[in-house]
Amino acid sequence: MSGTTRRTHRCGELRAEHVGQLVKLGGWVHRRRDLGGIVFIDLRDRAGIVQVAVGPDAPEEVRRSASGLTGESVVEVFGKVVARPADMKNPELATGDIEVHATKLVKVGSAVTPEIPVARAKSEELPAEELRLKYRHLDLRRPEMQANLILRHRLLQRARKTLSDLEFLEIETPILTKPTPEGARDYLVPSRVHPGECYALPQSPQIYKQLLMVSGFDRYFQLARCFRDEDLRYDRQPEFTQIDLEASFVGAEDVQGFVEAVLTALWDEAGHAVERPFRRITWQESMERYGTDKPDLRYEGLAIVDWTAQVESLGVPFFAAHKDGARVRGLAVKGGGALSRKDVDQLAETAKQFGGAGLAWVKRQGDQLSGSVAKHFSLEALGRLGVGDGDAALMTVGPDRVTSPVLDKVRQELIRRLAPPPARPHAFCWVVDFPLFESEPGTGRPVFAHHPFTAPHPEDVAKLDREPLACRALHYDAVYNGHELGSGSIRITEPALQRTVFRHLGLSPQETEARFGFLLTALAAGAPPHGGFAVGFDRVAMLLAGAGSLRDVIAFPKTTAARALFEGAPAPARPEDLAALHIQVTA
RNA sequence: GGGGCUGUAGCUCAGCUGGUUAGAGUGCCGGUCUGUCACACCGGAGGUCGCGGGUUCGAGCCCCGUCAGCCCCGCCA
């Protein structure tokens with residue numbers, strides 16, 4: 001399969017079974033070891049590395065060109081696959097049982113000295129990320145990056161096949177779309193033919209896929225490129241790929257079933273067995289027990305507990321200083337006795353960083369109690385918190401909106417420091433029953449927590465006007481080991497309800513018509529019940545590749561300042577191009 | 001928009017309390033070498049200490065500004 005008119009195999013494919021065969025290879029010089037009378041060349045391609053030997057028996061011109069080769073030049077080699085004697089095998093190389101004795105060797109692409117190394121010493125750090133991005137063609141030659149992108153390819157194919165087998169149709173949607181003032185900032189593309197008007201790149205194909213449901217396509221998917229002009233993180237790029245899907249005549253469980261099928265297939269592709277169905281946890285329970293809407297359920301046992309009642313009579317001043325809706329919540333840390341004073345101080349620092357009041361703590365070793373509030377506790381009082389010998393209790397106080405994120409961060413930090421064995425390596429869950437609204441920081445005004453097409457929970461529709469913050473949404477997130485993999489919802493199909501939601505968003509009927517008229521028109525034309533989901537594919541690839549950032553699973557990513565260092569984007573526009581687009585630059 | 005870390009040879013890094021000529025490994029160039037696999041050994045070249053300003057008798061080191069990369073907060077319906 002890998003053979004062409006210029007080669008018979010890939011370098012990294014050769015094994016003992018090929019011994020005796022005459023092969024033709026093409027690859028890059030990974031390393032060269034010139035011993036004088038014999039030269040070894042590690043020849044590399046996407047399949048791996050094979051050792052080419054040019055010994056005293058090789059033709060004179062082969063020996064000459066072999067000794068003049070420099071790193072990263074491209075050579076074509078003709079030779080014989082030979083078994084290596086037992087004491088010369090290299091167990092660290094997949095091809096290490098054999099080597100190729102070259103009878104012909106031609107440099108077909110000479111290479112300047114690479115700006116960053118492709119072949120690194122074992123202990124050598126990676127070049128600075130700036131250089132890796134600038135010389136991306138070299139960075140991508142490294143076997144680790146090749147493996148990442150090869151895995152990414154396999155994951156994409158597997159997703160495509162899984163959904164196609166489930167009768168989903170792959171349908172492409174526009175890249176030049178309509179600006180949406182809500183949500184993330186749009187990337188705008190000015191129109192030449194319509195002065196002052198712009199297209200926007202899609203933040204997601206959301207409305208299109210709903211239109212496809214109205215059109216009767218039933219089940220849609222797309223490996224969709226999406227664009228959001230927001231600030232970046234290690235796990236956020238301005239352009240990214242979603243496994244986007246939508247289905248008709250479904251409830252939330254149906255959509256979740258489809259998504260589980262895709263995710264388990266992807267994990268299987270990466271060699272991991274995953275159990276279905278995924279566990280379900282309500283948003284409320286997740287916030288209560290883990291302080292976050294993306295709980296890491298590998299460590300279920302370490303959960304946040306409400307100790308307000310248990311500590312009330314102890315007279316701890318730290319707790320008493322907080323009133324009015326404040327609860328005392330904390331973590332009973334099995335084996336927390338192992339935490340040093342410094343550990344706890346740093347945890348308390350973390351708590352303060354995230355706006356908490358700080359951290360009160362008690363540690364028990366034998367009958368000895370120690371810690372910032374130890375003098376207020378007896379063994380019995382501590383026992384009521386579930387804290388035994390060798391354990392520790394970490395506590396904080398305040399309103400949930402403060403203590404939840406604080407305890408979430410403290411919990412994550414504890415897991416990092418104590419590294420307890422996970423109950424399961426792959427902890428998937430569905431977080432369900434999200435609130436439809438959240439209160440806007442500052443004003444406390446209810447604002448939509450999701451996109452405005454998310455259906456309210458049928459039981460809560462009556463509360464829409466009276467108690468918006470108590471309304472649940474038919475919205476669900478897929479969470480894996482504390483990472484959000486994606487989210488989805490059942491959509492509104494009733495035009496009147498959709499108009500009500502837009503009104504809650506503060507849109508006038510005129511604005512609603514102008515921005516979403518085409519969706520409302522479609523919904524009025526006979527819309528099937530439908531819902532869908534979008535998997536953040538880059539993040540999945542990052543997790544399955546064990547990569548440290550999205551940049552390591554994207555061939556040509558942007559920097560945190562949204563620059564492309566390789567090709568140099570963005571770049572100043574030429575005045576004549578701006579003129580054609582009717583644009584004046586003021587900055 | 002705000003905060004933090006980093007920036008010294010092609011690359012990875014060291015550089016003491018501010019002190020004379022800025023170092024190591026690797027890569028590169030030249031040489032020796034017939035079983036290496038990070039080959040070994042000998043020799044050599046290679047520096048705008050990110051950039052600009054300031055303090056000082058003297059700055060890689062201190063101060064101010066700025067640029068770039070990364071991480072975090074805000075932001076990401």
Side-chain angles (χ1 to χ4, degrees), chain A residues 30-43 49-58 63 67-68 70-72 82 84-93 95-96 99 101 111-135 138-139 180-186 203-204 206-207 226-238 240 350 353-355 405 409 434 436-438 440-442 447-454 473 475 484 487 489 501-502 504-507 536 548-549 551 558-563 565:
Chain A
H30 190 68
R31 258 192 260 274
R32 196 173 58 94
R33 291 174 294 282
D34 188 343
L35 275 60
I38 185 166
V39 180
F40 297 103
I41 300 156
D42 286 342
L43 198 62
I49 289 171
V50 71
Q51 173 166 282
V52 175
V54 177
D57 303 335
R63 296 177 58 196
S67 62
T70 55
E72 295 307 312
V82 176
R84 296 202 207 179
D87 58 336
M88 293 173 197
K89 290 183 178 179
N90 184 348
E92 284 177 30
L93 219 52
T95 59
E99 64 188 8
H101 289 191
V112 298
T113 301
E115 289 84 355
I116 57 172
V118 177
R120 276 166 36 247
K122 276 179 186 129
S123 59
E124 190 178 356
E125 296 291 326
L126 283 173
E129 183 124 19
E130 186 176 357
L131 296 170
R132 293 180 51 204
L133 293 171
K134 184 167 175 189
Y135 304 105
L138 293 175
D139 194 47
T180 52
E182 300 78 22
R185 222 171 277 119
D186 281 324
Q203 296 179 26
S204 83
Q206 182 62 33
I207 293 181
C226 305
F227 308 86
R228 292 179 193 173
D229 188 3
E230 296 292 345
D231 289 342
L232 309 180
R233 293 283 190 281
Y234 78 101
D235 61 349
R236 271 164 35 188
Q237 280 276 307
F240 57 99
T350 303
Q353 243 167 27
F354 287 87
K409 293 294 181 304
F434 272 74
L436 187 59
F437 299 91
E438 57 197 15
E440 195 176 56
V447 293
F448 274 86
H450 321 286
H451 62 61
F453 318 113
T454 303
H475 175 103
E484 181 194 324
S487 59
S489 64
V501 166
F502 286 136
H504 271 96
L505 261 177
L507 294 183
S549 106
R551 293 183 297 275
K558 305 284 189 284
T559 68
T560 48
R563 279 196 180 279
L565 297 184

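If you're wondering where the values come from, they're calculated on a predicted model, not measured in any experiment. Lettering of chains follows the sequences in order, A, B, ..., and the numbering in each one begins at 1.
Between the NZ atom of A:Lys409 and the P atom of B:C72 there is a distance of 11 Å, rounded to whole Å. If you take CZ of A:Phe448 and C1' of B:C76, they are 18 Å apart, rounded to a whole angstrom. For the pair A:Leu131 CG and B:A68 C1', the computed distance is 11 Å after rounding to whole Å. Between the P atom of B:A77 and the CD atom of A:Glu438 lies a distance of 10 Å, rounded to the nearest Å. In this structure, the CG atom of A:Leu507 is 12 Å from the C1' atom of B:A77, given to the nearest Å. Rounded to whole Å, atom C1' of B:G1 lies 12 Å from atom CD of A:Glu230.
At least one side-chain heavy atom of A:Gln51 sits less than 4.5 Å from a side-chain heavy atom of A:Arg33.
At B:G69, one or more side-chain N or O atoms of A:Thr559 fall inside 4.0 Å of OP1 or OP2 (strictly under the cut-off). When the side-chain nitrogen and oxygen atoms of A:Arg233 are compared with OP1 and OP2 of B:C73, one or more of them lie within a distance under 4.0 Å. Taking 4.0 angstrom as the limit, A:Arg31 places a side-chain polar atom (N or O) nearer than this to OP1 or OP2 of B:C39. Put simply, A:Thr113 has no side-chain N or O that comes within less than 4.0 Å of OP1 or OP2 on B:G10. Side-chain nitrogen and oxygen atoms of A:Arg551 include at least one within less than 4.0 Å of the OP1 or OP2 phosphate oxygen of B:C71.
With hydrogens and angles left out, the side chain of A:Glu99 and the base of B:G35 share a donor-acceptor pair within 3.5 Å. Not a single donor-acceptor pair, N or O on each side, falls under 3.5 Å between the base of B:G74 and the side chain of A:Arg185. No hydrogens or angles were tested; on distance alone, a donor-acceptor pair under 3.5 Å links the side chain of A:Arg236 to the base of B:C75. Judged by distance alone with a 3.5 Å cut-off, no donor-acceptor contact links the side chain of A:Arg228 to the base of B:C76.
With respect to A:Glu92 and A:Lys122, a salt bridge is recorded, a charged nitrogen being found less than 4.0 Å from a carboxylate O. The residues A:Arg236 and A:Asp231 are annotated as not salt-bridged, no charged nitrogen and carboxylate oxygen being separated by less than 4.0 angstrom.
The P atoms of B:C64 and B:C71 are separated by 26 Å, rounded to the nearest whole Å. Distance noted for atom C1' between B:A40 and B:U34: 14 Å (whole Å).
Among the atoms of the strands shown, only primed sugar atoms or phosphate atoms (P, OP1, OP2) are found under 4.0 Å from some heavy atom of A:Glu115. A:Ala119 comes within contact range of no nucleotide atom at all, as no heavy-atom separation falls under 4.0 Å. Across all strands shown, A:Pro127 has heavy atoms under 4.0 Å from sugar-phosphate atoms exclusively, and none from any base.
Using a 30° and 60° split on the angle between ring planes, A:His475 and A:His450 fall in the parallel class, below 30°.
Nearest to the side-chain atoms of A:Asp231 among the listed nucleotides B:C75, B:G35, B:G69 stands B:C75.
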